[in-house]
K.L.:
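Here you go, one structure.
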Amino acid sequence: QVQLVESGGGLVQAGGSLRLSCTASGSIFSINSMGWYRQAPGQQRGLVATITGGGSTNYRDSVKGRFIISKDNAKNTVYLQMNSLNPEDTAVYYCNMVGIVGGVSVVANYWGQGTQVTVSS
């Protein structure tokens, strides 16, 4: 079993910043990548940013230059520094881990419970 615990969401004014954190715990054998996805009301969940075990990053176009994803391998933790936030960034942000956990012999996706980010204009 694995648990992904997120923190750092909240309410911020446009132009402000927030930092999200997500720590994975449990019987983790290996992590291929970790990342963040978001889902706004009435929309599908979509990629925000991901980072591989080797440190390669990928961002959705609308957050490039504003968001920075980073990780601490020793802590199985991924961070998302969000700057210059705008109301279009308002969504529930979900932490994602792709990896192998104890008792499961294949690579699988695991999700956190989500944290709300609200940006006021």
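We number each residue from 1, following the sequence as shown.
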K.L.:
Could you see if Val63 belongs to whatever hydrophobic cluster contains Met82? Use Ile, Leu, Val, Met, Phe, Trp, Tyr and a side-chain cutoff under 4.5 Å.
P.N.:
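They do share one cluster, since a chain of ILVMFWY contacts under 4.5 Å joins Val63 to Met82.
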K.L.:
Could you check Ile31 against Val98 for side-chain contact (heavy atoms from CB on, under 4.5 Å), going step by step and ending with a plain yes or no?
P.N.:
CA-CA 6 Å; Ile31 297 176; Val98 178; over 6 Å; no
K.L.:
So which pairs with a foot in residues 19-31 pass side-chain hydrogen bond (donor to acceptor under 3.5 Å, both in side chains), sequence neighbours left out?
P.N.:
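Qualifying pairs: Thr23-Thr77.
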K.L.:
Name all pairs fulfilling the side-chain hydrogen bond (donor to acceptor under 3.5 Å, both in side chains) condition that reach into residues 45-60, sequence neighbours left out, sorted by first residue then second.
P.N.:
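Checked against side-chain hydrogen bond (donor to acceptor under 3.5 Å, both in side chains) - neighbours excluded - the pairs reaching residues 45-60 are Arg60-Ser62.
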K.L.:
For residues 99-113, which residue pairs pass the side-chain hydrogen bond (donor to acceptor under 3.5 Å, both in side chains) check, not counting sequence neighbours?
P.N.:
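Residue pairs with at least one partner in residues 99-113: Glu6-Gln113, Asn96-Asn109.
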K.L.:
Using the rule that two of Ile, Leu, Val, Met, Phe, Trp, Tyr join whenever any of their side-chain heavy atoms come within less than 4.5 Å, decide whether Phe29 and Val107 are in one cluster.
P.N.:
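Phe29 clusters together with Val107.
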K.L.:
Using side-chain contact (heavy atoms from CB on, under 4.5 Å), reason through Ile68 and Leu80 one step at a time and then give a plain yes or no.
P.N.:
CA-CA 6 Å; Ile68 301 171; Leu80 186 68; over 6 Å; no
K.L.:
Between Val92 and Trp36, is there a shared hydrophobic cluster once you connect ILVMFWY residues whose side-chain heavy atoms come closer than 4.5 Å?
P.N.:
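Val92 and Trp36: separate clusters.
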K.L.:
Apply side-chain contact (heavy atoms from CB on, under 4.5 Å) to the pair Tyr93 and Val48, showing each step before the final yes or no.
P.N.:
CA-CA 9 Å; Tyr93 284 69; Val48 177; 4.1 Å; yes
K.L.:
Run the side-chain contact (heavy atoms from CB on, under 4.5 Å) check on Phe67 and Ile69 step by step: do they pass?
P.N.:
CA-CA 7 Å; Phe67 290 10; Ile69 190 169; over 6 Å; no
K.L.:
Tell me if a side-chain donor or acceptor on Lys71 pairs with a main-chain N or O of Tyr79 at a distance below 3.5 Å.
P.N.:
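Pair absent, no side-chain N/O of Lys71 close to backbone of Tyr79.
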K.L.:
Testing the basics here: between Arg38 and Ala91, what is the closest heavy-atom pair and its distance to 0.1 Å?
P.N.:
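Where Arg38 meets Ala91 most closely, the heavy atoms are CB-CB, 3.8 Å.
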K.L.:
So Ile51 and Val78, do their side chains get closer than 4.5 Å, heavy atoms only?
P.N.:
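Val78 vs Ile51: side chains touch.
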K.L.:
To the nearest 0.5 Å, what is the distance between CG (Asn76) and CD (Gln3)?
P.N.:
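The distance works out to 13.0 Å.
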K.L.:
Test of understanding: with side chain to side chain contact (heavy atoms under 4.5 Å, CB included), list the residues that count as partners of Val119, not counting sequence neighbours.
P.N.:
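For Val119 the side chain to side chain contact (heavy atoms under 4.5 Å, CB included) partners, ignoring immediate neighbours, are Val12, Ala14, Leu85, Pro87, Asp89, Thr90, Val117.
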K.L.:
Crowded around Gln116 CD? As in, over 12 foreign heavy atoms under 6.0 Å?
P.N.:
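It does: Gln116 CD has more than 12 such atoms within range.
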K.L.:
The criterion is side chain to side chain contact (heavy atoms under 4.5 Å, CB included); which residues satisfy it with Ser17, sequence neighbours excluded?
P.N.:
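So Ser17 forms a side chain to side chain contact (heavy atoms under 4.5 Å, CB included) with Gln81, Asn83.
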K.L.:
Starting at CG of Leu4, measure out to CE of Met34 and round the result to the nearest 0.5 Å.
P.N.:
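If I round to the nearest 0.5 Å, the distance is 5.5 Å.
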K.L.:
Show me the pairs that pass disulfide bond (SG atoms under 2.5 Å apart) and involve residues 13-121, at least two apart or across chains.
P.N.:
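Non-adjacent pairs meeting disulfide bond (SG atoms under 2.5 Å apart): Cys22-Cys95.
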